[in-house]
Amino acid sequence: MAAYPFIAIEKKWQDYWEAHQTFRTPETPDPDKPKAYILDMFPYPSGAGLHVGHPEGYTATDILARYKRMQGVEVLHPMGWDAFGLPAEQYAIKTGTHPRKTTRRNIDNFRRQLKQLGFSYDWQREINTTDPDYYKWTQWIFLKLHEKGLAYQAEIPVWWCPALGTVLANEEVIDGKSERGGHPCVRRPLRQWMLRITAYADRLLEGLDDLDWPESTKQEQRNWIGRSEGANIEFPVDGLEGETIQVYTTRPDTIFGATYMVLAPEHALVSEVTTPDQQEAVEQYQQEAAQKSELERTELQKDKSGVFTGGYAINPATEERIPIYVADYVLASYGTGAIMAVPAHDGRDYEFAKRYDLEIRPVVEGGNVRQEAFTGEGPHINSANDDVSLNGLGVEEANERIIAWLEAHGHGEGHVNYKLRDWLFSRQRYWGEPFPVVFVDGEAQPLPEDALPVTLPELDTYEPGDSPAGPLAEVKDWVHTIDPETGKPAQRETNTMPQWAGSCWYYLRFIDPHNDEQLVDPEKEKYWMPVDMYVGGREHAVLHLLYARFWHKVLYDVGVVSTREPFQRLVHQGLILGETEYTRYLRADGTPVSADQVHAGIDTRTGEPVRARTVDPRHVTKEGDSYVLSDDRSIRVDARAHKMSKSRGNVVNPDDVIKTYGADSLRLYEMFMGPLEQVKPWSTSGVDGVHRFLNRVWRLLVDEESDALRAAAAEPSKEQLRALHLLIQKVTEDIEGLRFNTAIAAMMEFINKAYKWDAVPQAVAEPFVLLLGPFAPHIAEELWQRLGHEESLTYASWPVFEEQYLQHDEVEIAVQVNGKVRGTVAVAPDAPKDEVLAAARADENVARYLADATVQREIYVPGRIVNFVANGSA
RNA sequence: GCGAAAGUGGCGGAAUUGGUAGACGCGCUGGAUUUAGGAUCCAGUGGGCUAACACCCGUGGGGGUUCGAGUCCCCCCUUUCGCACCA
């Protein structure tokens, strides 16, 4: 018997939904109805198409959206494309194809794939960040940012990537290489647009508290913002009148223990404080530091290096002369790029002081500074001058007192510092939003609103030049324009915005996608915002989610939005890995090597490289905690599921899965694999399993021979109603808790039970089909229709479970003797305690244990358990 | 190094407030059906010991609390994911 006709069914219902605009969200929703804005992170439409990771989150949100619709909730569930970005441009450089063309083709493919999966998006609201009608508003937001002084230009050292021909943001460069492509990057000062996200640091921090987000994601954002409280302190340079070194410290209370200072190699004052005889050594050190990559600097962190500058500073608290060093363990990018070193109470300073034999002076009691730095709390010692004393104070009081003293004497002030830095907002690319800015006499002028959108011109070549000006600089008749305000000749900004720009506010445009008067209608915004459920990958935990929150807060200040936060609830779907692979290792001569002797492709005993071979799972046996070859148990193999990648060849293509098993099976499997948020390996036989389940559902209700409906007109039995209502309760609660895997398991259990019935009454079949609907909508629609309904089940009422049907005549209760189960008894749920205990004692096996024992205690938890605590039992 | 999460059968994973560990699925075994294969249906499937009942052991390891612990507490091990000289 072949599978149920899923190909025909899925096509039929996708066409039906399209023709009937089933999932269209009304322009003006019913204000009295509850609403749910259920949003997926929109994808970048890559040339490779959808991978199986996409439908995971999308299926979860689709189940929610369909479930809510059936509960009479107004649902907004849209989809769009984050379509600006490098790959299309790089493809253009290679082939000369316009990125617009590539982008359109990729989007068409993505849309086709998503429609094939039966997701209930309102396609009328589809948006595309590369559409001028869309990016007009991205530009409009930039004007607002500029107006509020939040967009500015700065000449700063930035990461320039020669291979990509662009500047990248700090967060797009990892270990000195581009996040995408792994090309080497160098630091280089350039004029750039910056967004003053730091002005919102505190609000971005505080806003996190009330969000229903994963705690780890909130923590990541907090770490990224990196707020710390401390003080900026001025240390005069000895012998240089009026010159001071400013340091930032979170422990101003330890200033009496500051026995030396350290400047970052890039610090502006290095050359000034360096004495002639130290000049050569210092310059050499600076050069070495400049050549080290970020990676090398941190990798070698155990080995603190530095050079004495020959110069001295005055510690304002002790008025002692302290030496100034240059060392790369101080970062130019954090704080002021200079520190006061307190080796007695800071691990890094301690290490450095030990190496260069500098004074270690304890100022907090506790620990043993002969052995290690003491970073704990304790009363202060050795911390007094003629004016102020911290001695005897705890850390907090000492900080307060010393900051007051520093401020009173003009040596410094309390200061809040952030790790977060302003957002580098320009890219030297073509395929991005142009800035709505022109330069008149070299001055940046924002364009008036009616000049928007500033559209991209056509290019002759996409080749990035050697100059960081970007490809747009070559289009002379686009660059040279007239300032609409003054009528003067002007030049356009040739940089474009980064890919993050479009995704910072797309969730607002979905609310009112075709409005050409406003970014979003305020009435509609008030109705739909905030996003009630936002599902997307953990990789966006900081960047996208922080940038979007920043823009949202700016739009709040401008009055465009009514909520302080955009995404009330956030969930990350877990990564789907490839199928578990077993790997064995071989030496060059073909002799096997046990996996426990291999590390990073090297035989740890000989240092020889080994070859890796995949082994068929059938030839592997588990032994203890490890896996070995069945024919040679002395040879261990590695068992691991790897991230899907083209190079590994373990990528699963959703199109193939749909062809073999159908979209409903793919959706169901992705949800059945395990908890939504968990990382989990793909298994093709697992897809087989859920596919079999759908076949069973089909055959239960449709006769194989005649294709006729098999549901019976009979009245449902008590047992059938109980099974049904248990299922309704379970599925409802599990959807609410996003436990889709256990909801599916419960439906499978129900179907297994139903196979033992003579017939399935219509009154049981119908609610079941409705419960299945959000998970496997195509087969559910088909069955719903065959059950005699003319309309789609999309807006049918979600079944409600009734307590009365859940009652059981008898409950089975475990009977323990001294905590071990020795039998079970069946009793009425409301049976009195005495009766239950008597029944329990009567159980043959229980009686055997109690025969020679004295019962000291009887425990009865109604409906659950009986436990006899006895001594002297056999 | 710091922080977070997680360790349960051959595998993916279930187990309300502590109350019959292993739901459901995969895989495997046996049976039915079938010309055969496949598909389907039924039964079984943590380990040990059994003819069977029973019994013993079992949720990474060790201790503890409790009538009762996968679940709570303490110590340790492993894995994954963040962050990583942040002064």
Side-chain angles (χ1 to χ4, degrees), chain A residues 1-3 214-217 219-220 223-224 226 228 230 247-251 254 262 297-302 304 327-331 333-342 346-349 351-352 417-419 538 541-542 574-575 579-580 617-618 620-622 625 627 639-641 669 672-675 677-690 692-693 695-696 699 704 733 739 741-752 755-756 812-824 844-845 848 856-861 863-870:
Chain A
M1 156 69 201
E215 208 41 56
S216 62
T217 302
Q219 201 50 45
E220 262 184 72
N223 292 345
W224 190 263
S228 69
V247 303
Y248 171 73
T249 175
T250 55
R251 292 294 301 276
T254 60
V262 184
R297 280 206 195 184
T298 47
E299 283 271 302
L300 300 171
Q301 63 181 268
K302 287 143 227 141
K304 302 251 172 323
D328 67 2
Y329 82 88
V330 171
L331 307 177
S333 50
Y334 185 77
T336 60
I339 61 158
M340 63 175 205
V342 186
D346 180 283
R348 298 151 297 176
D349 297 345
E351 229 179 285
F352 190 81
N417 196 53
Y418 301 93
K419 233 164 89 181
R538 190 162 277 117
V542 225
L575 203 63
E579 297 227 22
T580 303
R618 284 171 300 191
V620 173
T621 311
K622 193 167 190 185
D625 284 337
Y627 296 85
R640 261 198 78 162
Y669 175 64
F672 186 62
M673 291 171 84
E677 302 201 47
Q678 195 168 301
V679 179
K680 34 203 181 286
W682 183 265
S683 151
T684 298
S685 52
V687 190
D688 233 354
V690 294
R692 245 173 271 181
F693 162 67
N695 274 315
R696 279 166 70 79
R699 283 197 308 267
E704 284 181 69
E733 286 174 2
R739 293 180 298 269
N741 53 329
T742 49
I744 295 166
M747 289 191 272
M748 289 174 167
E749 232 176 322
F750 176 85
I751 289 299
N752 290 345
Y755 259 74
K756 301 197 165 58
E812 193 185 55
I813 289 182
V815 183
Q816 299 181 333
V817 178
N818 288 332
K820 289 190 190 252
V821 178
R822 298 300 179 188
T824 57
E844 201 182 318
N845 201 36
R848 211 156 57 80
Q856 294 172 317
R857 214 174 138 188
E858 293 166 334
I859 289 152
Y860 172 53
V861 182
R864 291 213 178 276
I865 207 154
V866 170
N867 190 8
F868 294 110
V869 185

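Order of the sequence lines sets the chain letters (A, B, ...), proteins ahead of strands, with each chain counted from 1.
Across G10(B), C57(B), C86(B), the shortest atom-to-atom separation from the side chain of Arg348(A) is found for C86(B). Listed nucleotides A15(B), G19(B), A87(B) differ in distance to Thr742(A); the shortest reach to its side chain belongs to A15(B). Comparing G12(B), G19(B), C57(B) against the side chain of Val861(A) picks out G19(B) as the nearest. Side chain of Pro675(A), nearest nucleotide from C42(B), A87(B), A14(B): A14(B). Considering only the side chain of Lys820(A), C57(B) comes nearest among A23(B), A87(B), C57(B). Comparing C24(B), A87(B), G10(B) against the side chain of Glu749(A) picks out C24(B) as the nearest. The side chain of Asn752(A) approaches G25(B) more closely than any other nucleotide in the set A23(B), G19(B), G25(B). In this structure, the nucleotide among A87(B), C24(B), G13(B) sitting nearest to the side chain of Tyr334(A) is A87(B). Considering only side-chain atoms of Asn867(A), the nucleotide from G19(B), C26(B), G13(B) that sits closest is G19(B). Residue Ile859(A) places its side chain closer to G19(B) than to any other of G19(B), G25(B), C86(B).
At the heavy-atom level, Tyr860(A) lies nowhere under 4.0 Å from the strands shown. Looking at heavy-atom distances under 4.0 Å, Thr250(A) makes contact with sugar-phosphate atoms alone, never a base. Nucleic acid contact class of Val679(A) (heavy atoms, under 4.0 Å, all strands): sugar-phosphate only.
Atom C1' of C28(B) sits at a distance of 16 Å from the matching atom of G12(B), rounded to the whole Å. Across G37(B) and U29(B), the matching P atoms stand 15 Å from one another, rounded to whole Å. One C1' atom belongs to G70(B), the other to G46(B), and the distance between them is 14 Å to the nearest Å. If you take atom C1' in U16(B) and the same atom in A21(B), they sit 15 Å apart, rounded to whole Å. Comparing the same atom, C1', in G48(B) and in A39(B) gives a spacing of 37 Å after rounding to whole Å. Atom P of C76(B) sits at a distance of 15 Å from the matching atom of A4(B), rounded to the whole Å.
Between Arg696(A) and the phosphate of A39(B), there is no side-chain N or O to OP1/OP2 separation shorter than 4.0 Å. Proximity of Asn223(A) to the phosphate of A84(B): no side-chain N or O atom is located under 4.0 Å from OP1 or OP2. In this structure, Asn741(A) reaches the A14(B) phosphate: one of its side-chain N or O atoms is under 4.0 Å from OP1 or OP2. In this structure, Lys622(A) reaches the C11(B) phosphate: one of its side-chain N or O atoms is under 4.0 Å from OP1 or OP2. Regarding contacts with the backbone of C26(B), a side-chain N or O of Arg692(A) is found under 4.0 angstrom from either OP1 or OP2. For Gln856(A) and C67(B), the shortest distance from a side-chain N or O to OP1 or OP2 is not below 4.0 Å. OP1 or OP2 of C86(B) has not a single side-chain nitrogen or oxygen of Tyr329(A) nearer than 4.0 Å. For Arg699(A), a side-chain nitrogen or oxygen approaches OP1 or OP2 of C41(B) to under 4.0 Å.
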Verdict with reasoning, Tyr669(A) to Met673(A), per side-chain contact (heavy atoms from CB on, under 4.5 Å) | CA-CA 6 Å; Tyr669(A) 175 64; Met673(A) 291 171 84; 3.3 Å; yes
List the steps, then state whether side-chain contact (heavy atoms from CB on, under 4.5 Å) holds for Phe672(A) with Met747(A).
-> CA-CA 11 Å; Phe672(A) 186 62; Met747(A) 289 191 272; over 6 Å; no
Evaluate the side-chain contact (heavy atoms from CB on, under 4.5 Å) criterion for residues Glu351(A) and Tyr329(A): first the C-alpha distance (whole Å), next the side-chain angles of each, then the deciding distance (0.1 Å), finally the verdict.
-> CA-CA 11 Å; Glu351(A) 229 179 285; Tyr329(A) 82 88; over 6 Å; no
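Not one N or O on the side chain of Lys304(A) forms a donor-acceptor pair closer than 3.5 Å with the backbone of Asp349(A). The main-chain N or O of Tyr334(A) is never found under 3.5 Å from a side-chain atom of Lys419(A) such that the two would form a donor-acceptor pair. The backbone N or O of Glu733(A) sits less than 3.5 Å from a side-chain atom of Arg739(A), completing a donor-acceptor pair.
Distance CD (Gln678(A)) to P (C81(B)): 14 Å, rounded to an integer number of Å. Straight-line distance from the CE atom of Met673(A) to the C1' atom of G13(B): 11 Å, rounded to whole Å. Atom pair Ile865(A):CD1 and U16(B):C1' shows a separation of 15 Å (rounding to whole Å applied). If you take CD of Glu579(A) and C1' of G27(B), they are 13 Å apart, rounded to a whole angstrom. Put simply, CD on Glu677(A) is 11 Å from P on A6(B), counting in whole angstrom units. What separates CG of Asp688(A) from C1' of U40(B) is a distance of 14 Å, to the nearest Å. Between the CG atom of Leu331(A) and the C1' atom of A84(B) there is a distance of 11 Å, rounded to whole Å. Spacing between atom CZ of Arg538(A) and atom P of A4(B) amounts to 16 Å, rounded to whole angstrom units.
Each of Gln219(A) and Phe868(A) was assigned the nucleotide of RNA chain B with the nearest heavy atom; the assignment lying further toward the 5' end belongs to Gln219(A).
Under the 3.5 Å distance criterion, with hydrogens and angles disregarded, a donor-acceptor pair is assigned to the side chains of Arg696(A) and Asn752(A). In the model, Arg848(A) has a side-chain atom that pairs as donor or acceptor with a side-chain atom of Asn845(A) under 3.5 Å.
Nucleotide A4(B) forms a Watson-Crick or G-U wobble pair with U80(B), both donor-acceptor distances falling under 3.5 Å. Of all nucleotides present, only U40(B) satisfies the Watson-Crick or G-U wobble test against A32(B), with each distance under 3.5 Å. A 3.5 Å limit on both hydrogen-bonding distances identifies no Watson-Crick or G-U partner for A23(B).
Taking all atoms of both residues into account, the shortest heavy-atom contact from Arg251(A) to Met340(A) is O-CE, 3.6 Å.
Base orientation of G27(B): anti, since the glycosidic angle falls outside 90° of 0.
With rounding to the nearest 0.5 angstrom, the CZ atom of Arg692(A) is 16.0 Å from the CD1 atom of Ile751(A).
Side chain Gln816(A) to base U20(B): no donor-acceptor pair is found below 3.5 Å.
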N/O-N/O pairs, protein side and nucleotides 47-54 of chain B side, under 3.5 Å:
unit_1, atom_1, unit_2, atom_2, d
A54(B), O2', Arg848(A), NH2, 3.1

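Residues Val869(A) and Asn818(A) are in side-chain contact: their nearest non-hydrogen atoms beyond the backbone lie under 4.5 Å apart.
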